[in-house]
Visitor: 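Could you have a look at this structure, given as structure tokens, before my questions?
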Amino acid sequence: MKKFYIFDMDGTLCDSMKQWRKECVGVSAKTTLPEWEKIFARMKEHYQNDVVLKDGVLEFLENAKQNGIKMCIATATRKDVCEPFLSKTPLMDYMEFFIDCFEAGAFKEKPDIFLKCAERFGAEISECAVFEDSVTAARTAQKTGFYVVGVYDKTTCNDGDITPYIDEYIENWRDFNKSKIS
């Protein structure tokens with residue numbers, strides 16, 4: 001039984017990847033900090049006006065909370081950028097904490113954010129389940145020894161095959177049977 005759930009946010013708990021992909025067209029290694037800040041400002045507006053929780057997420061989180069599961073968000077999105085979304089939804093009512101890759105010091109090609117979550121929980125890796133829609137992040141979590149639950153997202157599903165890196169898969173939060181992880 002996993003006692004700790006580590007959730008990615010974008011594409012996993014909420015439908016925001018379409019907006020991220022649209023805003024990041026043309027982004028490259030040459031994208032400047034001022035250009036990134038403009039993207040972040042537009043995304044902040046999307047989080048306020050367009051981004052919604054995935055169907056069934058709140059029911060899943062409520063059930064997990066009722067079963068004593070401790071949960072957190074581990075996301076690549078800076079907290080100040082997604083704050084409008086966090087403020088308009090009850091998402092943080094279920095979470096012990098929020099950590100972004102900027103605070104963790106590395107993006108999800110490295111396990112830092114997942115390891116920091118386990119450490120902050122005071123948990124062993126074997127006690128944690130990581131929920132991700134990204135192939136890269138799922139691969140990183142799996143290679144580090146976490147139990148990984150892949151989450152379907154209509155935008156990221158074509159980024160590669162996530163199945164080699166996951167233990168379970170959620171196509172729809174409402175229909176997911178969590179018997180293996182809890």
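Atom set for the values below is all heavy atoms of this structure, side chains included, hydrogens, waters and symmetry mates excluded.
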Visitor: Is any side-chain heavy atom of Y152 closer than 4.5 Å to one of I162?
Guide: no

Visitor: Counting C-beta onward and ignoring hydrogens, is there a side-chain heavy-atom pair between D8 and F131 closer than 4.5 Å?
Guide: no

Visitor: Let me see the working for W173 and L58 under side chain to side chain contact (heavy atoms under 4.5 Å, CB included), right down to the final yes or no.
Guide: CA-CA 9 Å; W173 284 101; L58 289 180; over 6 Å; no

Visitor: Considering only heavy atoms from C-beta outward, does the side chain of K22 approach that of K18 to under 4.5 Å?
Guide: no

Visitor: Sort and list the pairs that fulfil salt bridge (Lys or Arg N to Asp or Glu O under 4.0 Å) and have at least one residue in residues 48-60, not counting sequence neighbours.
Guide: K54-D153, D55-R174, E59-R174

Visitor: Taking the six-membered ring for Trp, are F102 and F107 closer than 6.0 Å centroid to centroid?
Guide: yes

Visitor: So, Y147 versus E168: side-chain donor-acceptor pair below 3.5 Å or not?
Guide: yes

Visitor: How far does CG of D15 sit from CG of D10, to the nearest 0.5 angstrom?
Guide: 10.0 Å

Visitor: Taking the cut-offs as 6.0 angstrom to the six-membered ring centre and 45 degrees off its axis, would you call K79 and F98 a cation-pi pair?
Guide: yes

Visitor: Would the distance check show the side chain of T144 and the main-chain N or O of F146 forming a donor-acceptor pair, the cut-off being under 3.5 Å?
Guide: no

Visitor: Rounded to the nearest 0.5 Å, how far does CH2 of W36 lie from CZ of R78?
Guide: 10.5 Å

Visitor: May I ask you to test the K65-M71 pair for a side-chain heavy-atom distance under 4.5 Å?
Guide: yes

Visitor: Between A123 and C128, what is the shortest heavy-atom contact and its length?
Guide: CB-SG, 3.9 Å

Visitor: Just by distance, with hydrogens left out, do E23 and Q19 show a side-chain donor and acceptor under 3.5 Å apart?
Guide: no

Visitor: Can you check whether V135 reaches D161 side chain to side chain, under 4.5 Å on heavy atoms?
Guide: no

Visitor: Within 45° of the ring axis of F121 and under 6.0 Å from its six-membered ring centre, is that where the NZ or CZ of K70 lies?
Guide: no

Visitor: Quick check: is L91 connected to I99 through a chain of hydrophobic side chains (ILVMFWY, heavy atoms under 4.5 Å apart)?
Guide: no

Visitor: Checking side-chain polar atoms at under 3.5 Å, does E35 have a donor or acceptor matched by the opposite partner on T31?
Guide: no

Visitor: Where do E62 and Q66 come nearest, in terms of heavy atoms and distance?
Guide: OE2-NE2, 2.6 Å

Visitor: Within the side chain of K108, is there an N or O that forms a donor-acceptor pair under 3.5 Å with the backbone of A74?
Guide: yes

Visitor: If hydrophobic clusters are built from ILVMFWY residues whose side chains come within less than 4.5 Å, do F60 and M92 share one?
Guide: yes

Visitor: Nearest 0.5 Å please: distance from the CD1 atom of I69 over to the NZ atom of K2.
Guide: 10.5 Å

Visitor: Give the C-alpha distance, both sets of side-chain angles, the deciding distance and a yes or no for side chain to side chain contact (heavy atoms under 4.5 Å, CB included) between V149 and Y169.
Guide: CA-CA 5 Å; V149 181; Y169 192 68; over 6 Å; no

Visitor: Using a 3.5 Å distance criterion without hydrogens, assess whether the side chain of T77 forms a donor-acceptor pair with backbone atoms of C82.
Guide: no

Visitor: Do M9 and F4 sit in one hydrophobic cluster, given that two such residues count as connected whenever their side-chain heavy atoms are within less than 4.5 Å of each other, even indirectly?
Guide: no

Visitor: Any link between I125 and Y5 through a network of hydrophobic side chains (Ile, Leu, Val, Met, Phe, Trp, Tyr) touching at under 4.5 Å?
Guide: no

Visitor: Should V130 and F7 count as side-chain neighbours, where that means a heavy-atom distance under 4.5 Å?
Guide: no

Visitor: Please report the shortest heavy-atom distance between C24 and I39, naming the atom on each side.
Guide: SG-CG2, 4.2 Å

Visitor: Does some side-chain heavy atom of L13 sit less than 4.5 Å from a side-chain heavy atom of I73?
Guide: yes

Visitor: Are the side chain of E45 and the backbone of R42 linked by a donor-acceptor contact shorter than 3.5 Å?
Guide: no

Visitor: Nearest 0.5 Å, what's the CD-SG distance between E96 and C72?
Guide: 8.5 Å

Visitor: Distance only, no hydrogens: is a donor on one side chain within 3.5 Å (strictly under) of an acceptor on the other, for T75 and D100?
Guide: no

Visitor: Any heavy-atom pair between the side chains of D159 and S134 that's under 4.5 Å?
Guide: no

Visitor: Check step by step if side chain to side chain contact (heavy atoms under 4.5 Å, CB included) holds for E83 and L86.
Guide: CA-CA 5 Å; E83 186 60 42; L86 297 175; 4.2 Å; yes

Visitor: When rounded to the nearest 0.5 angstrom, what is the spacing between NE2 in H46 and CH2 in W20?
Guide: 9.5 Å

Visitor: Just wondering, more than 12 heavy atoms not from K88 lying within 6.0 Å of its NZ?
Guide: yes

Visitor: Please report the C-alpha distance between Q142 and I166 in whole Å, then the side-chain angles of each, then the deciding distance to 0.1 Å, and finally whether the side chain to side chain contact (heavy atoms under 4.5 Å, CB included) criterion is met.
Guide: CA-CA 7 Å; Q142 186 251 358; I166 62 172; over 6 Å; no

Visitor: In plain terms, say whether R139 and E132 are close enough for a salt bridge, that is, a side-chain N and a carboxylate O under 4.0 Å apart.
Guide: no

Visitor: Working to the nearest 0.5 Å, report the span between CD of E37 and NZ of K44.
Guide: 10.0 Å

Visitor: For residues 110-120, run the donor-acceptor check on the side chains, cut-off 3.5 Å, and write out each pair with its distance to 0.1 Å, sequence neighbours left out.
Guide:
residue: R120; atom: NH2; partner: E103; partner atom: OE2; Å: 2.7

Visitor: Are M43 and V27 co-members of a hydrophobic cluster defined by side-chain heavy atoms under 4.5 Å apart?
Guide: yes

